Amino acid sequence: MTSTSSIETTFRPGDLGTLAVIAWSGEHDDGQGDMPFLLAYSLGDSPAGPAGSEAAVRALLGNNGLSVATEVHDGARHPSFPVSLLVEAGQAVVTMPWLNAQCPVPPEWLAAAETRGSAYFLFTARPWSAAPGQPVDEEELRRFAGAEETLTAAAHCLLPIRRLR
């Protein structure tokens, strides 16, 4: 008997297009003060366009066992969790198979990360045209990051903060 897998096994990083990560901190509904957030997204500029970038992000997440919009994956509870977060020298570095992304983080993000010991990471398949390295207006960030379309197209992870020793 043969069966086919529904998991995409062929993955080409170039299909993602340009990836960006943005950091902010703010209140979280758990009553424990500010939460440091990281949002990864594609600019939708792959050769196959925004739809191709979205499909590639979904394949990357699925290949790493990360469900989209169904649960918050807690990296601290799984020793072999495929996503890790290193915070050092004012930078957050997110690593997972096929991906290593670095982003500068503001002092308030670092303070929240130090207090909590973890950060909330979202990787959305929904493309966004906010260019890496360019300032993003707070309202623009709120509209995109808080949009139902963004949240339901994202893997949600709570990642423990790791540091160099």
Side-chain angles (χ1 to χ4, degrees), residues 4-26 28-30 35-78 80-87 91-105 109 113 118-162:
T4 58
S5 171
S6 63
I7 296 175
E8 175 69 40
T9 56
T10 305
F11 176 75
R12 294 184 320 222
D15 290 344
L16 294 168
T18 304
L19 290 178
V21 179
I22 193 166
W24 77 96
S25 60
H28 192 56
D29 58 5
D30 64 1
M35 171 71 81
F37 291 95
L38 292 169
L39 171 66
Y41 58 94
S42 172
L43 297 184
D45 59 354
S46 76
S53 294
E54 181 176 350
V57 170
R58 287 182 183 275
L60 174 66
L61 296 173
N63 284 348
N64 284 291
L66 300 174
S67 60
V68 173
T70 59
E71 66 180 294
V72 177
H73 302 277
D74 188 346
R77 293 186 179 198
H78 305 284
S80 61
F81 195 68
V83 185
S84 65
L85 173 60
L86 174 70
V87 176
Q91 301 282 316
V93 181
V94 178
T95 304
M96 62 189 296
W98 303 102
L99 176 68
N100 184 10
Q102 180 174 328
C103 109
V105 292
W109 190 97
S118 61
Y120 198 106
F121 174 65
L122 297 104
F123 193 160
T124 188
R126 181 181 182 211
W128 189 28
S129 61
Q134 299 300 314
V136 175
D137 176 80
E138 188 174 326
E139 186 55 37
E140 184 182 9
L141 173 61
R142 184 176 287 118
R143 276 194 308 271
F144 181 79
E148 184 175 344
E149 298 89 353
T150 301
L151 297 172
T152 58
H156 298 251
C157 306
L158 190 60
L159 301 176
I161 304 288
R162 292 187 169 83

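Predicted model only: the values in this text are computed from it and were never measured.
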For Ser46, enumerate each residue passing the side chain to side chain donor-acceptor pair (under 3.5 Å) test, keeping only those at least two apart in sequence or located in another chain. Ser53
Can you give me the closest heavy-atom contact between Leu38 and Val21, atom names plus distance?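 Minimum heavy-atom separation between Leu38 and Val21: CD2-CG1, 4.1 Å.
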Sequence neighbours excluded, every pair satisfying side chain to side chain donor-acceptor pair (under 3.5 Å) that has a member inside residues 145-154: Arg126-Thr150
Could you walk me through whether Arg142 and Glu139 satisfy the salt bridge (charged side-chain N to carboxylate O under 4.0 Å, His left out) test, starting with their C-alpha distance in whole Å, then the side-chain angles of each, then the deciding distance to 0.1 Å, before giving a yes or no? CA-CA 5 Å; Arg142 184 176 287 118; Glu139 186 55 37; 3.2 Å; yes
Kindly give the heavy-atom pair with the smallest separation between Leu43 and Pro127, and that separation in Å. C-CB, 4.2 Å
Which pair of non-hydrogen atoms, one from Ala145 and one from Leu151, has the smallest distance, and what is that distance?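 Looking at all heavy atoms of both residues, the shortest contact is O-CD2, 3.3 Å.
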Any salt bridge (Lys or Arg N to Asp or Glu O under 4.0 Å) involving residues 39-50? Give me the pairs, sequence neighbours left out, ordered by first then second residue. none
With Val87 via side-chain contact (heavy atoms from CB on, under 4.5 Å) - residues at least two apart: Leu85, Trp109, Leu110, Ile161, Arg163
Note: Ser118 and Pro36 closest approach over all heavy atoms is O-CG, 3.2 Å
I need the minimum non-hydrogen distance between Val57 and Ser42, along with the two atoms involved. CG2-CB, 4.4 Å
By ring pair (Phe, Tyr, Trp, His ring centres under 6.0 Å) - contacts of Trp128 (at least two apart): Tyr41, Phe144
Which class fits the ring pair Phe37 and Trp24: parallel under 30°, tilted 30 to 60°, perpendicular over 60°? parallel
Would you please name every residue forming a side chain to side chain donor-acceptor pair (under 3.5 Å) with Ser80, sequence neighbours left out?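 Once residues adjacent in sequence are excluded, Ser80 has no partner under the side chain to side chain donor-acceptor pair (under 3.5 Å) criterion.
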Between Phe123 and Leu61, which heavy-atom pair has the shortest distance, and what is it? O-CD1, 3.6 Å
